[in-house]
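The structure appears right after this line, and notes come after that.
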Amino acid sequence: MQASEVTRAVAAAMSIASSLGLPADDAIVLHDSNKLTLRLLPCDVLARVAPVADQVARFEVGLAQRLAAAGCPVAALDPRVAPRVHERGGFVVTLWTYYEPVAPREVPPADYADALRRLHAGMRELDTPTPHFTDRVEQARRLVADRDRTPALADADRELLGDTLRGLRREIGERGDAEQLLHGEPHPGNVLTTENGPLFIDLETCCRGPVEFDLAHAPEEVGEHYPGVDRELLRRCRLLVLAMITAWRWDRDDQFPDGRRLGTRWLGEIRAALDRDGPGTHG
């Protein structure tokens, strides 16, 4: 968020918490991206704040409730207030349980894989309309094709990313593998280490697809502990996800720390992977 938005977002979250009987005299910014994540004190609640026009908070709240009720490893909403979306000052605010981090912060691969397996098992029981993972791929491809939104992307790199996204989207989509509801982005930044084990957060990216698409966001060692993985599909999904996150880094409005340097490095990794596969493999 822009600095002026952050100030207003913090004020909105503190005001809402106070009005619900949760004393909020201070706010610590834990994460700032398309939405703001705050720890409000002294009530010790985690508030997630997003602009009204750019959020799917109601979907996330409803899904989190259903998954938590099914015993899935997801962060819970704050039990002291009604589970709902609050709106104030042009922002929507949701209130969640704050979990004190425990050491070590890095989740062991076997625990990570087990938590993701249990999340997937719970998600298979839900009938929730969500986008297909290929819709997300197409968003990345359109971004790459839009020179106004990605002005710093060189022509050769633009062609590389566009061809890779288009080819892998078609290749994976045509395989006919089993699909289900997925987290969408279960990378380490969306996993909390708590006394209750790993818990997943940020459910707004949910989509449908093969479980290998989710595993492609996790560290490579995690896939080695997940039962029944199609290794070749996982390898292709990893390259697809790499192309997607590389595309986001070239968005002129991207605010990811050190994003442009990462985008350049990842382009090199994509080229190296395609060279290993042979020319035209994913085109």
Side-chain angles (χ1 to χ4, degrees), residues 33-35 37 48-77 83-85 92-94 96 112-113 115-143 165-166 168-192 198-218 222-223 226 228-230 233-234 236-238 240-245 247-248 251:
S33 58
N34 60 319
K35 67 166 60 67
T37 303
R48 304 186 73 196
V49 192
V52 169
D54 184 28
Q55 54 81 33
V56 289
R58 286 172 181 80
F59 167 81
E60 185 176 24
V61 165
L63 184 59
Q65 287 180 272
R66 296 173 68 187
L67 290 172
C72 292
V74 295
L77 293 149
R84 56 180 293 260
V85 178
V92 291
V93 179
T94 51
W96 303 78
Y112 202 133
L116 192 55
R117 179 193 59 78
R118 290 187 289 120
L119 178 64
H120 286 157
M123 285 182 155
R124 279 196 293 273
E125 303 302 315
L126 301 184
D127 182 16
T128 301
T130 55
H132 196 257
F133 83 97
T134 53
D135 294 346
R136 302 259 308 281
V137 181
E138 181 60 18
Q139 290 175 4
R141 192 201 64 77
R142 287 199 299 266
L143 174 65
L165 290 164
R166 182 169 51 252
L168 285 170
R169 177 186 184 276
R170 182 182 65 250
E171 182 182 349
I172 295 170
E174 291 177 351
R175 283 174 51 101
D177 295 282
E179 297 184 347
Q180 67 157 83
L181 181 65
L182 304 174
H183 180 287
E185 289 187 358
H187 54 69
N190 283 334
V191 183
L192 301 180
L199 298 178
F200 291 95
I201 61 172
D202 205 354
L203 299 169
E204 66 177 29
T205 55
C206 283
C207 58
R208 294 197 68 81
V211 295
E212 285 81 0
F213 182 76
D214 259 3
L215 280 165
H217 291 79
V222 174
Y226 193 102
V229 171
D230 184 320
L233 177 57
L234 177 55
R236 296 177 183 183
C237 284
R238 285 197 184 283
L240 176 62
V241 168
L242 180 60
M244 291 171 66
I245 62 175
W248 307 139
D251 187 338

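Side chains of Cys207 and Asp135 form no contact here, defined as non-hydrogen atoms less than 4.5 Å apart. Residues Thr130 and Leu63 are not in side-chain contact: their nearest non-hydrogen atoms beyond the backbone lie 4.5 Å or more apart. Counting only heavy atoms from C-beta outward, the side chains of Ile245 and His217 never approach each other to under 4.5 Å. Put simply, the side chain of Arg66 reaches to within 4.5 Å of the side chain of Thr128, judged on heavy atoms. Side-chain contact between Glu179 and Phe133 is present, with heavy atoms from C-beta onward closer than 4.5 Å. Annotation: side chain of Ile172 is not in contact with side chain of Glu212 (no heavy-atom distance under 4.5 Å). Counting only heavy atoms from C-beta outward, the side chains of Leu215 and Cys237 never approach each other to under 4.5 Å. Within the 4.5 Å cutoff, the side chain of Pro210 has no heavy atoms near those of the Arg175 side chain.
Closest non-hydrogen pair, Pro51 versus Val92, comes out as O-CG2, 4.4 Å. Here the shortest heavy-atom pairing between Pro73 and Pro198 reads CB-O, 3.5 Å. Pairing each heavy atom of Leu182 with each of Arg208, the nearest pair is CD1-C, 4.2 Å. Tyr226 and Val211 get closest at one heavy-atom pair: OH-CG1, 3.9 Å. Taking every heavy atom of both residues into account, Tyr112 and Ala218 meet most closely at CE2-CB, 3.8 Å. Minimum heavy-atom separation, Ala75 to Ile201: CB-CG2, 3.6 Å.
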Please report the C-alpha distance between Leu165 and Leu240 in whole Å, then the side-chain angles of each, then the deciding distance to 0.1 Å, and finally whether the side-chain contact (heavy atoms from CB on, under 4.5 Å) criterion is met. CA-CA 6 Å; Leu165 290 164; Leu240 176 62; 4.2 Å; yes

Using side-chain contact (heavy atoms from CB on, under 4.5 Å), reason through Arg236 and Glu171 one step at a time and then give a plain yes or no. CA-CA 9 Å; Arg236 296 177 183 183; Glu171 182 182 349; 2.6 Å; yes

Please assess Met123 against Leu67 for the test side-chain contact (heavy atoms from CB on, under 4.5 Å), listing each intermediate value before the final yes or no. CA-CA 7 Å; Met123 285 182 155; Leu67 290 172; 3.9 Å; yes

Go through the steps for Glu60 and Lys35 under the test salt bridge (charged side-chain N to carboxylate O under 4.0 Å, His left out), then give the verdict. CA-CA 13 Å; Glu60 185 176 24; Lys35 67 166 60 67; 5.0 Å; no

Derivation and outcome, side-chain contact (heavy atoms from CB on, under 4.5 Å), residues Leu203 and His183: CA-CA 6 Å; Leu203 299 169; His183 180 287; 3.8 Å; yes

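Taking CG from Leu119 and CG from Leu199, the interatomic distance works out to 10.5 Å, rounded to the nearest 0.5 Å. Rounding to the nearest 0.5 Å places CH2 of Trp248 at 5.5 Å from CD of Gln139. Rounded to the nearest 0.5 Å, atoms CE (Met244) and CD (Glu138) are 11.0 Å apart.
For the pair Arg136 (side chain) and Thr205 (backbone), a donor-acceptor distance under 3.5 Å is present. Side-chain atoms of Asn190 come within 3.5 Å of backbone N or O of Glu185 as a donor-acceptor pair.
Counted by atom type alone, His120 and Asp214 present one or more donor-acceptor pairs between their side chains at under 3.5 Å.
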